[in-house]
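The structure appears below as structure tokens.
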2 protein chains.
Amino acid sequence: MIKVITDGVGPFGIEPDMKKAKAALASLKDGSCKGNDFLGWLKLPEYIGSEEYARVKACGKKIYDNADALVVIGIGGSYLGARAALEFICSQRFNETGRKGPKVYFLGNGINAADTLQVLELVKGKSLYVNVISKSGTTLEPAVSFRIFKKYLEDTYGKEEASKRIVATTDARKGALKGLADAEGYECFVVPDNVGGRYSVLTAVGLLPLAAAGIDTDAILKGAKEAEKYCLAEREDNPALLYAAYRQAVYENGKKVEVLSVPSESVRFFAEWWKQLYGESDGKDGKGIFPASCVYTADLHSMGQYIQEGERILFETGLSFENISSKLVVPTSEDNADGLNYLAGKDFSEIYNAARDGVKKAHIDGGVPCLEIRAEKQDEVSLGELIFFFETACGISAIMSGVNPFNQPGVEAYKSNMFALLGRK
Amino acid sequence: MIKVITDGVGPFGIEPDMKKAKAALASLKDGSCKGNDFLGWLKLPEYIGSEEYARVKACGKKIYDNADALVVIGIGGSYLGARAALEFICSQRFNETGRKGPKVYFLGNGINAADTLQVLELVKGKSLYVNVISKSGTTLEPAVSFRIFKKYLEDTYGKEEASKRIVATTDARKGALKGLADAEGYECFVVPDNVGGRYSVLTAVGLLPLAAAGIDTDAILKGAKEAEKYCLAEREDNPALLYAAYRQAVYENGKKVEVLSVPSESVRFFAEWWKQLYGESDGKDGKGIFPASCVYTADLHSMGQYIQEGERILFETGLSFENISSKLVVPTSEDNADGLNYLAGKDFSEIYNAARDGVKKAHIDGGVPCLEIRAEKQDEVSLGELIFFFETACGISAIMSGVNPFNQPGVEAYKSNMFALLGRK
């Protein structure tokens with residue numbers, strides 16, 4: 001079970017409004033909240049029993065067995081969840097280790113020639129599959145990227161074989177990509193109408209690339225199912241209620257920036273996924289907590305100074321794991337030149353925990369309210385729990401703040417300027 | 001030459017105090033500013049002519065020629081500069097491409113067993129060199145990591161050969177690592193006394209790993225030398241003066257968070273280097289701009305909503321390149337399913353620039369002052385220019401804010417707690 005530890009807020013005399021948090025949760029559950037046409041994510045733990053999920057696993061296995069390389073084309077919510085999960089489970093070096101299954105390249109998340117050409121070079125001569133993920137099929141970055149890889153596949157394998165190597169995750173019925181996929185005979189998976197991009201990792205959007213990479217997606221969904229039990233319940237230790245209520249309370253006390261600290265580089269992109277989830281849900285109508293992240297202990301040696309002594313506009317949420325599965329102890333040194341023999345034989349996890357607890361105390365002393373989130377292990381089950389937990393808490397938090405947690409009206413502003421500059425008729 | 005474009009601040013009626021900026025620059029140059037025992041970085045463009053730099057290149061070439069793998073052990077300023085530069089030049093996939101020279105693994109920047117064990121597995125059976133970077137040799141994370149890799153090298157190659165495969169970048173005369181290096185006969189390079197960690201990338205700290213990876217370090221230093229000319233000059237278009245003066249002006253107008261947006265994933269770690277430089281220099285005495293970063297266009301689909309419509313505590317600094325060397329155009333599509341044929345034949349850089357300009361206009365309309373920094377190309381020379389430019393502007397900016405740009409008194413707070421928890425006598 002995900003735990004939220006709140007004793008680092010008490011010293012600031014800040015009290016959460018648990019009643020308001022419970023009302024927000026109730027409005028999520030009974031569908032009376034703002035944006036209630038986007039509550040499909042609440043049911044996603046059930047996806048495990050669906051016919052489509054069986055197809056996700058079969059298609060994933062086909063790619064796992066047959067591909068040397070998988071290019072995943074998507075942006076925003078069609079990108080961050082799968083990458084976050086892949087790094088969470090396989091580390092940031094997911095393409096460098098001896099992991100079985102295809103190398104995975106995320107593209108269509110920018111407009112960068114060098115990046116695209118580099119991947120084209122890397123997949124040359126390899127058995128390549130492409131998963132293009134776009135609700136509409138007209139979002140600029142993935143659409144341009146897909147044009148390039150569609151052409152590459154057709155030039156390399158011929159049109160018929162190419163159409164077997166392209167999998168589209170898109171609208172169930174309409175849109176440019178759905179039309180093309182039907183015409184060309186691509187296997188299709190659905191971006192549901194009632195699940196926003198940033199809440200879509202537990203659909204085919206996130207699960208197909210993960211299955212293709214050999215990740216145990218069943219375990220992720222089981223974790224989400226587990227979290228559903230305690231995140232939707234009106235109990236005192238419901239971590240989603242606690243996290244939402246406390247973050248809103250510190251925000252109302254002038255802490256406008258939340259730093260999510262994560263315990264290793266492999267969790268960096270999970271924090272990026274969290275940034276989209278919270279930033280896009282909270283950040284509207286001139287309000288919302290600005291989401292930032294740090295990777296510890298590395299960033300204690302870069303951002304640590306600011307957090308300790310800069311503008312007091314911050315609060316911190318520390319994510320860590322109760323049980324670290326990899327064991328490694330500090331070796332004894334004959335010379336003891338570094339003076340660290342008093343640590344000899346200590347496990348890395350013990351040292352990390354001392355750093356974590358020392359940081360928390362220091363930051364509280366420095367005027368930074370600290371929340372802690374503890375998951376059990378850095379594995380698939382905990383990942384599923386964390387995803388459902390953060391999604392639920394995000395909904396509660398945004399409802400408490402009075403905004404619609406599920407829209408993103410501000411995202412269009414730059415696009416219309418850009419399209420005007422590009423001369424779209 | 002680096003250019004700073006300030007027309008995105010004017011609409012907010014914010015005026016920079018150029019006189020104060022010039023006085024701050026003068027105090028940097030004449031050594032009358034706070035922290036003036038740490039001004040050695042101002043002379044680092046001259047490092048190219050030094051005897052030590054010739055040794056850096058020779059040692060780098062030896063590693064480049066003989067190593068399959070290089071483990072670089074360091075944290076904070078002994079880590080971020082080299083990684084930022086390597087990704088800037090070779091992309092974030094620096095170990096996945098067919099690049100000649102050793103794979104490079106950055107360790108000692110955390111306390112994570114899985115990460116350490118993964119690298120131990122990856123280097124097994126490979127010709128391994130280690131560059132350990134620590135002024136004192138007693139900083140916990142790199143010291144623990146070095147214990148492990150020293151033991152691995154000695155177990156694998158024997159003590160004598162191991163000592164030829166370890167290179168120490170450390171204090172010139174004193175400290176635990178220097179003592180050990182002298183006793184064991186490691187080749188040594190210097191972390192100068194008058195250069196702080198976050199300003200040290202243009203010493204052996206950053207340049208040795210880069211030379212070993214096959215990067216043209218001469219070109220980086222030449223870029224820095226070029227930037228020295230215009231960043232230390234009292235001219236109206238001095239970009240360091242402009243950037244420092246404008247960021248302080250928007251800060252004084254209540255914009256407490258700066259979002260540095262960078263144009264691709266390969267520049268993500270350059271932004272991490274920037275975060276340390278600015279966060280650690282500015283963030284003290286209860287003041288300073290909180291440094292955050294985004295990777296565009298990806299993060300327009302995650303953080304874009306917040307930037308457009310969230311709390312109006314932000315300003316944005318957009319980094320981009322004038323000339324994109326990789327060329328790629330949007331292919332024509334027969335079906336035109338995505339409706340993007342009006343972009344067919346357009347170069348990626350043209351589309352990126354339209355996105356960049358569209359974003360700037362949208363964010364200004366949304367109440368976010370926007371600065372732009374333009375470098376010529378994403379190459380070694382521009383990297384050197386950017387490094388010296390950002391360092392100089394950082395010094396000016398912190399002096400304008402009234403803080404010592406070169407100390408980091410808050411970094412010790414968590415360490416003493418941690419060591420107490422670990423039972424250090």
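Remember, it's a predicted structure, so these values are computed and weren't measured experimentally. The chains referred to below are lettered A, B, ... by the order of the sequence lines, with proteins before strands, and numbering in each begins at 1.
Heavy-atom distances place no part of Y278(B) under 4.5 Å from chain A, backbone and side chain included. Heavy atoms of S145(B) lying under 4.5 Å from chain A are absent altogether. Residue I351(B) touches chain A through both its backbone and its side chain, counting heavy-atom pairs closer than 4.5 Å. Proximity to chain B involves both the backbone and the side chain of A143(A), based on heavy atoms less than 4.5 angstrom apart. Proximity to chain B is limited to the backbone of F106(A), based on heavy atoms less than 4.5 angstrom apart. Heavy-atom distances place both the backbone and the side chain of A355(B) under 4.5 Å from chain A. If you measure heavy-atom distances from K415(B) to chain A, the contacts under 4.5 Å come from the side chain alone. Only the backbone of T332(A) comes within contact range of chain B, with at least one heavy atom under 4.5 Å from a heavy atom of that chain. Looking at K151(B), only its side chain comes within 4.5 Å of chain A, counting heavy atoms on both sides. The parts of K284(A) that come within reach of chain B are both its backbone and its side chain, each placing non-hydrogen atoms under 4.5 angstrom from that chain. Y105(B) touches chain A through its side chain: at least one heavy atom from C-beta onward sits under 4.5 Å away, while N, CA, C and O do not. With a threshold of 4.5 angstrom between heavy atoms, E350(B) approaches chain A through N, CA, C or O but not through any side-chain atom. Neither the backbone nor the side chain of E121(A) comes within contact range of chain B; no heavy atom of the residue lies under 4.5 Å from a heavy atom of that chain. Only the side chain of K346(A) has a heavy atom closer than 4.5 Å to any heavy atom of chain B. Of the two parts of E184(B), only the side chain, counted from C-beta on, holds a non-hydrogen atom closer than 4.5 Å to a non-hydrogen atom of chain A. With a 4.5 angstrom heavy-atom cutoff, C90(A) touches chain B only via backbone atoms. Neither the backbone nor the side chain of L277(A) comes within less than 4.5 Å of any heavy atom of chain B. Only the backbone of P263(A) comes within less than 4.5 Å of a heavy atom of chain B; no side-chain atom from C-beta onward does. Of the atoms belonging to E309(A), heavy atoms from both backbone and side chain fall under 4.5 Å from chain B. The contact between Q308(B) and chain A is made entirely by side chain atoms (from C-beta outward), counting heavy-atom distances below 4.5 Å. In this structure, chain B has a heavy atom under 4.5 Å from the side chain of E141(A), while its backbone stays farther away. L177(A) does not touch chain B: none of its heavy atoms, backbone or side chain, sits under 4.5 Å away. For E412(A), no part lies under 4.5 angstrom from a heavy atom of chain B. There is no contact between I324(A) and chain B, counting heavy-atom distances below 4.5 Å.
Rounding to the nearest 0.5 Å places CD of Q92(B) at 13.0 Å from CD of Q92(A). To the nearest 0.5 Å, atom CD1 of residue I111(A) and atom OG of residue S264(B) are 12.0 Å apart. Atom OG1 in T138(B) sits 7.5 Å away from atom CG in L340(A) (nearest 0.5 Å).
Under 4.0 Å is where a charged nitrogen must lie from a carboxylate oxygen, and between K150(B) and D335(A) at least one such pair does. Ion pair R93(A)/D115(B) flagged as a salt bridge, since at least one NZ, NE, NH1 or NH2 atom sits closer than 4.0 Å to an Asp/Glu carboxylate oxygen. Looking at E265(B) and R83(A), a side-chain N of the basic residue comes within less than 4.0 Å of a carboxylate O on the acidic one, giving a salt bridge. A salt bridge links K256(B) and E311(A); the closest N-O separation between the charged side-chain nitrogens and carboxylate oxygens is under 4.0 Å.
Looking at T97(A) and Q118(B), their side chains never bring a donor and an acceptor atom within 3.5 Å of each other.
Within the 3.5 Å criterion, the main-chain N or O of Y306(A) finds no donor-acceptor partner in the side chain of E280(B). For Q305(A) (side chain) and G410(B) (main-chain N/O), a donor-acceptor pair under 3.5 Å exists by modelled atom type.
Of the listed residues (H363(A), Q378(A), Q276(A)), the one with the most heavy-atom contacts under 4.5 Å to chain B is Q276(A). With chain A as the partner, the residue from T116(B), L328(B), L80(B) showing the most heavy-atom pairs under 4.5 Å is L328(B). Options A113(A), A176(A), A362(A), G279(A) differ in how many heavy-atom pairs under 4.5 Å they form with chain B, and the most are formed by A113(A). Taking chain B as the reference chain and counting heavy-atom pairs below 4.5 Å, the highest number among D365(A), L314(A), V403(A), I307(A) is found for L314(A). Options V257(A), N353(A), I75(A) differ in how many heavy-atom pairs under 4.5 Å they form with chain B, and the most are formed by I75(A).
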Task: Evaluation steps, side chain to side chain contact (heavy atoms under 4.5 Å, CB included), between V330(A) and R147(B) - done: CA-CA 8 Å; V330(A) 178; R147(B) 280 187 171 218; 4.0 Å; yes
TODO: Go through the steps for Y296(B) and Y414(A) under the test side chain to side chain contact (heavy atoms under 4.5 Å, CB included), then give the verdict.
DONE: CA-CA 12 Å; Y296(B) 281 175; Y414(A) 93 89; over 6 Å; no
Task: Full working for side chain to side chain contact (heavy atoms under 4.5 Å, CB included) between F146(B) and D338(A) - done: CA-CA 10 Å; F146(B) 182 56; D338(A) 54 19; over 6 Å; no
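Between S326(B) and L117(A), the closest heavy-atom pair is CB-CD1, 3.9 Å.
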